[in-house]
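Take a look at the structure set out below.
Only this structure's heavy atoms are used, side chains among them; waters, hydrogens and symmetry mates stay out.
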Amino acid sequence: MAHTGDSVLILDFGSQYTQLIARRVRELGVYAEIFPCTATIAQIEAFDPRAIILSGSPYSVYAQDAPRCAPEVFTHGKPILGLCYGLQLIAQEMGGVVDKSARREYGRAEIIIEDKNAKLFKNFPSHANVWMSHGDSLSKIPAGFHVTARSANAPFAGIANADESIVGIQFHPEVAHTEGGTQILSNFLFEIAKLKADWSPEDYIQATVKDIKDKVGSDTVICALSGGVDSAVAAVLVHRAVGNQLKCIHVDNGLMRRGESAEVVHTFRDHFGIDLDFRDASDLFLDRLAGVTDPEEKRKIIGKAFIDVLAEEAEKFRGAKFLVQGTIYPDVIESLSFKGPSATIKSHHNVGGLPEKMHLKLIEPLRELFKDEVRNVGRALGIPEHFIDRHPFPGPGLAIRVIGDITRPKLELLRSADAIFIEELRAWKLYQETWQAFAVVLPVQTVGVMGDERTYENVVALRAVTSVDGMTADWAHLPHEFLAHVSNRIANEVRGLSRVVYDISSKPPATIEWE
């Protein structure tokens, strides 16, 4: 682990908000990691947290299969904050009683602070609207605890032991709907746990560079540089640590956006002076994809081709011992979360079996960072802002934005329409307001009119969404004038496209990408 300062451990009991807790704590300048609630006390002690937060959960604490944590957590002497289910678990483990509520409480609710001197509610209003999500509540608090807050439906909405080293609340301070939620988390970190705010991009870079130097020594490191934000930041970070021992490989698979490969080569070879090997493998990829319409089959073909090409290019660096991957923290959490979604890391998101095939050891310098933190590290490393603020781009590239079979003419139509869309989003200052935006070429032709002639040409769909993390998303409510302008430009400038539609589906039920 790169961080050596104060840290918080978040035990995950299956809450949908667990990642959000970690983000909020880190935003306050304190390093936080998420462990499944099934972590052993030995694993917890090895992490050596200065404080522990117990997450919410969809379970009832009295259910037979209710998730539990190691009982030593409650006697370990570390400050503890329990949120919703975490509060109920504290109560149950320490002699209180939890029952099904007469009325469930979901959404906004008003709490009233009972203990005006409670450290957790320092500088917090006496009444506040908070976000509740529970069907159970405390009916008896443990001996030695007192009530700090209540709501109309939860008389014990907040409790604390005598020295306030163990505190719990029935609501979720990590969500934006809770007024003053950040203040509550700040009070726990700094008033109760007495932690230091020493988590910053600069500190992370310094500690990670040292770790990489110590691990690599004088050996050669390979990095597959896709041009995405994660791989770009990972490459520059490793380059800062080992200089020309890093050998980057960029493969143009023919499925990139307009000018993307040229920009990658220019930025990393010329701007950063990174040793970059470039391979134009577009013919190989497109030949293998010819006639394929199934999106999952496309993904498999692209993943296999990428591994084949990368293995060939890596032969130039036979002495290499390490391989860099841009794994980020949400990928790690997904594979460890308690009864959460298992992580299915598709072959196009990593390098498949290459590490085993070439006996390479992995370096994952971003595996402790959320996406916004990756961007902040990139800024601190001096990566150009237009590169850092780019929207997410799928591993299979434009292959899943051409619906149906992939041909070079369709890819050119897509690149042209997509370039106009993104150019205008930036010009209208709308790019930063969207999480992701792109064009999709549909396997549909419709009648159009160009001058005095009837045409029969393709349809392009524009897609733009707003989101925090991509897990859920709403369609972006872009101005009508903007959409009219973009549609007009595409119809006039892209020969072969005569109709433009705008996707107004949210996730769920739709996904962000079409395939």
Side-chain angles (χ1 to χ4, degrees), residues 1-4 31 33-36 43 46-47 204-251 264 268 272 274-277 279 302-337 342-371 373-374 377-378 381 395:
M1 187 184 74
H3 186 66
T4 56
Y31 182 69
E33 276 198 30
I34 298 169
F35 280 28
Q43 291 171 321
F47 179 64
Y204 189 83
I205 291 168
Q206 185 176 354
T208 303
V209 164
K210 182 181 183 304
D211 282 355
I212 294 170
K213 282 181 178 177
D214 292 344
K215 184 175 183 178
V216 170
S218 58
D219 289 320
T220 299
V221 183
I222 294 173
C223 177
L225 189 59
S226 69
V229 174
D230 299 337
S231 71
V233 174
V236 175
L237 189 53
V238 173
H239 184 255
R240 177 167 292 193
V242 301
N244 286 336
Q245 292 168 239
L246 173 68
K247 310 298 179 183
C248 285
I249 301 169
H250 175 66
V251 177
V264 169
F268 293 94
F272 286 105
I274 291 176
D275 190 348
L276 176 64
D277 177 69
R279 166 80 177 272
I302 292 165
K304 173 68 165 57
F306 181 71
I307 293 168
D308 291 345
V309 173
L310 196 60
E312 287 178 13
E313 294 303 303
E315 284 293 317
K316 300 174 183 177
F317 314 110
R318 280 185 168 274
K321 298 289 178 65
F322 295 92
L323 180 74
V324 178
Q325 277 193 184
T327 308
I328 64 174
Y329 197 43
D331 303 327
V332 177
I333 295 169
E334 239 181 53
S335 63
L336 296 175
S337 63
S342 60
T344 303
I345 302 176
K346 300 183 179 73
S347 58
H348 60 268
H349 283 161
N350 54 34
V351 290
L354 194 65
E356 294 81 9
K357 184 175 180 179
M358 297 187 64
H359 308 291
L360 298 171
K361 301 173 187 174
L362 282 179
I363 294 177
E364 297 173 303
L366 309 179
R367 65 178 285 115
E368 296 168 1
L369 302 181
F370 288 105
K371 191 77 172 188
E373 293 174 320
V374 172
V377 166
L381 288 166

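In this structure, the side chains of Tyr204 and Glu368 come closer than 4.5 Å at one or more pairs of heavy atoms.
Remark: Glu313 pairs with Arg279, Lys316 by the salt bridge (Lys or Arg N to Asp or Glu O under 4.0 Å) rule, at least two apart or across chains. Applying the side-chain hydrogen bond (donor to acceptor under 3.5 Å, both in side chains) test to Lys247 and every residue at least two apart in sequence or in another chain returns Asp275. Considering only residues two or more places apart in sequence or on other chains, His239 meets the side-chain hydrogen bond (donor to acceptor under 3.5 Å, both in side chains) condition with none of them. Scanning for salt bridge (Lys or Arg N to Asp or Glu O under 4.0 Å) contacts around Lys213 gives an empty result, with sequence neighbours left out. Applying the side-chain contact (heavy atoms from CB on, under 4.5 Å) test to Gln206 and every residue at least two apart in sequence or in another chain returns nothing.
The shortest heavy-atom contact between Ala235 and Ile274 is O-CD1, 4.4 Å. What you find for Phe268 and Val236 is that their closest heavy atoms are CE2-CG2, 3.7 Å. Residues Val324 and Val238 approach most closely at CG2-CG2, 3.9 Å, considering heavy atoms.
Distance check, rounded to the nearest 0.5 Å: CD1 of Ile212 to CZ of Arg240 gives 11.0 Å. To the nearest 0.5 angstrom, Ile249 atom CD1 is 5.5 Å from Asp277 atom CG. Here CZ of Phe317 is found 12.0 Å from CG of Leu323. Values are rounded to the nearest 0.5 Å.
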Show every donor-acceptor pair shorter than 3.5 Å between a side-chain atom in residues 219-226 and any protein atom, with sequence neighbours excluded, or say none if there are none.
| unit_1 | atom_1 | unit_2 | atom_2 | d |
| --- | --- | --- | --- | --- |
| Ser226 | OG | Gly228 | N | 3.0 |
| Ser226 | OG | Ser231 | OG | 3.1 |

Assess whether side-chain contact (heavy atoms from CB on, under 4.5 Å) is satisfied between Lys371 and Asp230, documenting all intermediate values. CA-CA 8 Å; Lys371 191 77 172 188; Asp230 299 337; 3.1 Å; yes

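When each of Asp211, Ile205, Thr208 is checked for a side chain to side chain contact (heavy atoms under 4.5 Å, CB included) with Pro365, only Thr208 meets the rule.
Under the 30°/60° scheme for interplanar angles, the aromatic rings of Phe370 and Tyr329 are found to stand perpendicular.
Formation of a donor-acceptor pair under 3.5 Å by the Gln245 side chain with backbone atoms of Gly217 is found in this model.
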